[in-house]
Amino acid sequence: MEEIKSNFILDIIDEDLKKNPDLKIHTRFPPEPNGYLHIGSAKAIWINYSIAKKYGGKFNLRYDDTNPSKEDNEYVNSIYEDLKWLGAEPNGGVFYGSDYFDKCYEFAVRLIKQGKAYVCDLSADEMREYRGTLTEPGKNSPYRDRSIEENLDLFERMKNGEFPDGAKTLRAKIDMASPNINMRDPAIYRIVHTSHHRQGNKWCIYPLYDYAHPIQDALEGITHSLCSIEFENHRPLYNWVVENIPVENKPKQREFARLNVTHTVMSKRYLRQLVETGLVDGWDDPRMPTLCGLRRRGYTPSAIFDFVSRAGVAKAYSVVDYELLEHCIREELNSTAQRRIAILNPVKVVIDNYPEGKTEYFDLPNNPQNPEAGTRKVPFARELYIDADDFAEVPPPKFFRMKPDGEVRLMGAYIVKCNNIIKDDNGSVKEIHCTADLETGNGNPADGRKIKGTIHWLASKYALPINVMLYDQLFTIENVADIPEGKGYGDYLNLDSVKKLDNALAEPSLSEANEGDKFQFVRVGYFVKDSKYADTFNRIVGLKDSYRPENK
RNA sequence: UGCGGAAUUGUGUAAUGGUAGCACAGCAGACUCUGACUCUGUUCGUCUGGGUUCAAAUCCUGGUUCCGCAGCCA
């Protein structure tokens, strides 16, 4: 995994370490189990994990499951799977925020006894009114000065289920006139009569994030609670809680900008919408920016960490170009993926001077840059297929592939010359007739002439029919920023970026590929064999410029 | 209009008073049995006005722009 580079969080930690050299750095990744992990989560994971690693500290996974109405075991499991896949081992342990509910309750009672929290009867609407606005201070709740005894009694009855949802809240008594709205007596407990995915019906009151999170951090021994920038305004409240609970450990919250990538969204709310409306196949659709979607698209953990590492850690809002992500996976796959031939749009080629019925096998390197990857045998015969794009009857300037009277190399095999073409009634090319330079075979011509173009080919009688799903764009969502508030997502999906090619062909050795194997279709792009589509292969990342029709 | 953040090339990110660097993208060329890869070269930047200093992206000061905050979500 990429080591973390110089950034402002490291500076803060170094500073803390200078003050207290014995400090054992302890971080955590605290996802709410209400959706699948995505590339933005990978950034948070990487930051927390790699910082713990750098300082020889610990890293926890903690499910932040304090809202029973949104969370589900499906997500708990998927998060664990994805984290495991990434290889970010939580060496500090796996925890659940809900396991601290007893402590949260105990500390809340303590706050009440100290006069620092009170039960409030205001409705949600009333509370909003009392809160004031961004520019005007709030005013005190009429229930703010209840006696400690009354608060204790009411809070216990809240816990015992005597009140309906929303009837009462427990609030921290801080400052209704604070310029920071989060400090205006925030609710720390609410009543929700909903079964919890882990606690069942044990509770009908649930602590809110701002109250529960610092407690969880403090109890787990977290030293640095690293989260995204929108929580920066919550830091004073985080500190207030830490200061007002009887725990030695005083974790420190620090914030970094969340990851944005062009042509997609990270919000779980939107991603869930895509899944639930059926616009994508599921959370693991290769168009999704989820980790499982990227996995199906062929991304590897190392490429993902490479990407988030290159994107960097800072506080300024930014949107990283998806080309960087593609670069990272291309770079890795280029050195690791085996090459295979596939013809996306076949056109028949007949080698007139090649004996009918003869088959010979050429050895093609599995990875030209890595001889250790070995070779494979690819059958050659009189009748072949090439990609339609590799032939031009009227070639543009600098067209190096097959053209009338031109010579071209069949990759790993003979040099052939196109003699004439046969068209069907519609005038489109039906058959291309060539002669091969049989003297040279898979070698260079004796007369030293240079052949500029090399194209891929398949012997028709051995070619393996496949379906190819083309995901030409990394993601399918465009101009997300332009989507009006409240508008459905479907209208803004670029569904054209997914194409299914039914008549594609591949070399026979592909039939032996295993699920998850990654290859490079020579001159076409990278793909991963995906069992979900049986005989279908996903084209995942295009080769840069490889199909540019002509060069300027 | 309140509070809190942030502004470095097309994008992202370094430089912590001392040569503005790196990566991606772009452009040009070389190489190539993948027009990929690789290699070489190259365009382009410190939001803005003032100040301090021998020296400012960095310090001070005025302005501008962008992001976040008014859930009993996280």
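Because only heavy atoms are used, hydrogens play no part in the values below, and waters and symmetry mates are left out as well, while side chains stay in. Naming: A, B, ... by sequence-line order, numbering from 1 per chain.
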Sugar-phosphate, base or nothing in reach of A:Gln369, heavy atoms under 4.0 Å: base
Expressed as a whole number of Å, how far does the C1' atom of B:U64 sit from that of B:G50? 15 Å
Watson-Crick or G-U counterpart of B:G49, or none if no pair lies under 3.5 Å: B:U61
Mate of B:C39 where both pairing distances stay under 3.5 Å, Watson-Crick or G-U: B:G29
Could you tell me whether the side chains of A:His197 and A:Asp72 share a donor-acceptor contact shorter than 3.5 Å? no
At under 4.0 Å between heavy atoms, what does A:Arg409 touch on the DNA or RNA strands: base, sugar-phosphate, or nothing? base
Find the distance A:Leu410:CG to B:U34:C1' and express it as a whole number of Å. 13 Å
Hunt down the Watson-Crick or G-U wobble partner of B:C72, both distances under 3.5 Å, from any strand shown, or write none. none
Pick the P atom in B:G26 and in B:C37, then give their distance to the nearest Å. 10 Å
How close or far is atom P of B:U32 from atom CD1 of A:Ile451, stated in whole angstroms? 13 Å
One character per nucleotide, please: for nucleotides 65-74 of chain B, 5' to 3', B when the base has a protein heavy atom closer than 4.0 Å, S when only the sugar-phosphate does, - otherwise. ---BBBSBBB
Interatomic distance, A:His327 NE2 vs B:A36 P [rounded to whole Å]: 15 Å
Less than 4.0 angstrom between a side-chain N/O of A:Ser6 and OP1 or OP2 of B:A15, yes or no? yes
Taking atom P in both B:U9 and B:A14, compute the distance separating them and give it to the nearest angstrom. 13 Å
Is it the case that A:Asn366 and A:Arg340 place a side-chain donor and acceptor less than 3.5 Å from each other? yes
With rounding to the closest Å, how many angstrom separate the P atoms on B:G21 and B:A15? 14 Å
Between P of B:U34 and CG of A:Leu364, the distance in whole Å: 11 Å
Classify the nucleic acid contact of A:Glu136 as base, sugar-phosphate or nothing, counting any heavy atom under 4.0 Å across all strands shown. nothing
Would you measure the distance from the P atom in B:C59 across to the matching atom in B:G41 and give it in whole Å? 35 Å
Suppose we call two aromatic rings close when their centres sit under 6.0 Å apart. Are A:Tyr118 and A:Tyr143 close by that rule? no
Gap between atoms NZ and P, on A:Lys452 and B:U34 respectively (whole Å): 11 Å
Quick one: A:Asp390 CG to B:A36 P, roughly how many Å, whole number? 14 Å
Rounded to whole angstrom units, what separation is found between the CG atom of A:Asn366 and the P atom of B:C37? 21 Å
If I pick the P atom on B:A70 and the same atom on B:A74, what distance separates them, to the nearest angstrom? 13 Å
Please check if any side-chain donor atom of A:Gln216 sits under 3.5 Å from a side-chain acceptor atom of A:Tyr209, or the reverse. no
Scan A:Gly443 against the nucleic acid and name what it touches under 4.0 Å (heavy atoms): base, sugar-phosphate only, or nothing. base
Distance, rounded to the nearest Å, where A:Arg254 contributes CZ and B:G5 contributes P: 11 Å
Ignoring hydrogens and angles, state whether a donor on the side chain of A:Tyr96 or A:Gln199 is under 3.5 Å from an acceptor on the partner side chain. no
When every non-hydrogen atom of A:Thr262 is compared with those of A:Tyr322, the smallest separation belongs to OG1-N, 3.0 Å
Strictly by Watson-Crick or wobble contacts shorter than 3.5 Å, is anything paired with B:G18, and which nucleotide is it? B:C54
Decide if the gap between the ring center of A:Tyr105 and the ring center of A:Phe155 is smaller than 6.0 angstrom. yes
Could you check B:G10 for me: syn (within 90° of 0) or anti? anti
Please state the C1' separation for the pair B:U42 and B:G5 - nearest whole angstrom. 37 Å
Identify, between A:Phe8 and A:Met411, the residue whose nearest nucleotide on RNA chain B lies closer to the 5' end. A:Phe8
Complementary nucleotide for B:U1 - Watson-Crick or wobble, under 3.5 Å: none
Check the pair A:Phe380, A:Tyr414 against ring pair (Phe, Tyr, Trp, His ring centres under 6.0 Å), reporting the backbone distance first and the verdict last. CA-CA 10 Å; A:Phe380 185 93; A:Tyr414 301 106; 5.2 Å; yes
Let's test this: given Watson-Crick or G-U wobble pairing with both distances under 3.5 Å, identify the partner of B:G10. B:C24
Expressed as a whole number of Å, how far does the C1' atom of B:C54 sit from that of B:C67? 39 Å
Would you call the rings of A:Tyr238 and A:His213 parallel, tilted or perpendicular, where under 30° means parallel and over 60° means perpendicular? tilted
What are the two closest heavy atoms between A:Pro379 and A:Trp457, and how far apart are they? O-CZ3, 3.1 Å
State whether A:Lys544 places a side-chain N or O below 4.0 Å from either non-bridging phosphate oxygen (OP1 or OP2) of B:G26. yes
Given B:A25, B:U34, B:G12, the nucleotide with the shortest approach to the side chain of A:Val522: B:U34
